[in-house]
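Only a predicted model underlies this, so the values are computations on that prediction, with no experimental measurement involved. When reading the values below, keep in mind they use all heavy atoms of this one structure, side chains included, and skip hydrogens, waters and symmetry mates.
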Amino acid sequence: QVQLVESGGGSVQAGGSLRLSCAASGRSLSRYLMGWFRQAPGKEREFVSGISWSGDITSYVDSVKGRFTISRDNAQITVYLQINSLKPEDTAVYYCAADRRGRGSRFEYDYDYWGKGTQVTVSS
């Protein structure tokens, strides 16, 4: 069982930046493909970004390309999402998720473990 804890959310003005973190509780994430999802009010949860086990393959939804950067540390303990040039439409609860089978999917049902989320609010 993997427990994921997100942090780093907050309230910022448009154009600002945040760095979200996702830490595994007492366990390395080195064997998991990791993803970030978000859910805006009244909308379904959507894929934002994913990163491979090794960290050398990343993917992003089109709406965040060039603004968001996913990474993971060498000890495989934490996964990060650097979010820049924030827009009001980025307002959402951001979740990290772990896929133990490394499928590289953008569908939430392919992820095995989830954090409880961190709120990001962007004002115009």
Check: Are Leu20 and Val2 connected, step by step, through hydrophobic side chains (Ile, Leu, Val, Met, Phe, Trp, Tyr) whose heavy atoms are closer than 4.5 Å?
Finding: yes

Checklist line | Distance, nearest 0.5 Å, that separates CD1 of Ile83 from CZ of Phe68 | finding: 5.0 Å

Next item on the list: Enter the distance from Phe47:CZ to Tyr60:OH here, rounded to the nearest 0.5 Å.
Entry: 9.5 Å

Note to self: If I take atom CZ from residue Phe37 and atom CZ from residue Arg45, how far apart are they, to the nearest 0.5 angstrom?
What the structure shows: 7.5 Å

Notebook entry, point to check: What distance separates Ile70 CD1 from Cys96 SG, expressed to the nearest 0.5 Å?
Noted result: 9.0 Å

Check: What are the two closest non-hydrogen atoms of Pro88 and Ser124, and how far apart are they?
Finding: CG-CB, 3.9 Å

Checklist line | CA sep, side-chain torsions, deciding dist, call: Arg38, Leu81, side-chain contact (heavy atoms from CB on, under 4.5 Å) | finding: CA-CA 12 Å; Arg38 66 184 179 186; Leu81 186 68; over 6 Å; no

Next item on the list: Using atom types as modelled and distance alone, determine if a side-chain donor or acceptor of Arg72 lies under 3.5 Å from a backbone N or O of Gly55.
Entry: no

Note to self: Count I, L, V, M, F, W, Y as connected when their side-chain heavy atoms are under 4.5 Å apart, and connections chain through other members. Are Leu86 and Tyr80 then in the same cluster?
What the structure shows: no

Check: Tell me the side chain to side chain donor-acceptor pair (under 3.5 Å) pairs involving residues 4-18, sequence neighbours left out?
Finding: Ser17-Asn84

Checklist line | Path from Val61 to Leu18 over hydrophobic side-chain contacts below 4.5 Å | finding: yes

Notebook entry, point to check: So, Thr58 side chain and Ile51 main chain: donor-acceptor pair closer than 3.5 Å or not?
Noted result: no

Note to self: What's the separation between atom NZ in Lys116 and atom OH in Tyr95, rounded to the nearest 0.5 Å?
What the structure shows: 11.5 Å

Next item on the list: Begin with the C-alpha distance, continue with both residues' side-chain angles, and end with the deciding distance and a verdict on side-chain contact (heavy atoms from CB on, under 4.5 Å) for Arg106 and Ser59.
Entry: CA-CA 9 Å; Arg106 297 188 174 205; Ser59 62; 3.7 Å; yes

Item checked: Expected output: side-chain Trp53 to main-chain Arg31 donor-acceptor under 3.5 Å -> yes

Check: How many angstroms lie between OG in Ser49 and CE in Met34, if you round to the nearest 0.5 Å?
Finding: 11.0 Å

Checklist line | Basic-acidic side-chain contact under 4.0 Å: Lys87, Asp90 | finding: no

Check: In terms of hydrophobic clustering (I, L, V, M, F, W, Y; side-chain heavy atoms under 4.5 Å; direct or indirect links), are Val12 and Val48 co-clustered?
Finding: yes

Item checked: Backbone N/O of Leu4 and side chain of Ser25: donor-acceptor pair under 3.5 Å -> no

Checklist line | Side-chain (Asp112) to main-chain (Arg100) donor-acceptor, under 3.5 angstrom | finding: yes

Checklist line | Tyr111 side chain to Ser105 backbone, donor-acceptor under 3.5 Å | finding: yes

Next item on the list: Return the minimal non-hydrogen interatomic distance between Lys65 and Asp62, and the atom names on each side.
Entry: NZ-OD1, 3.0 Å

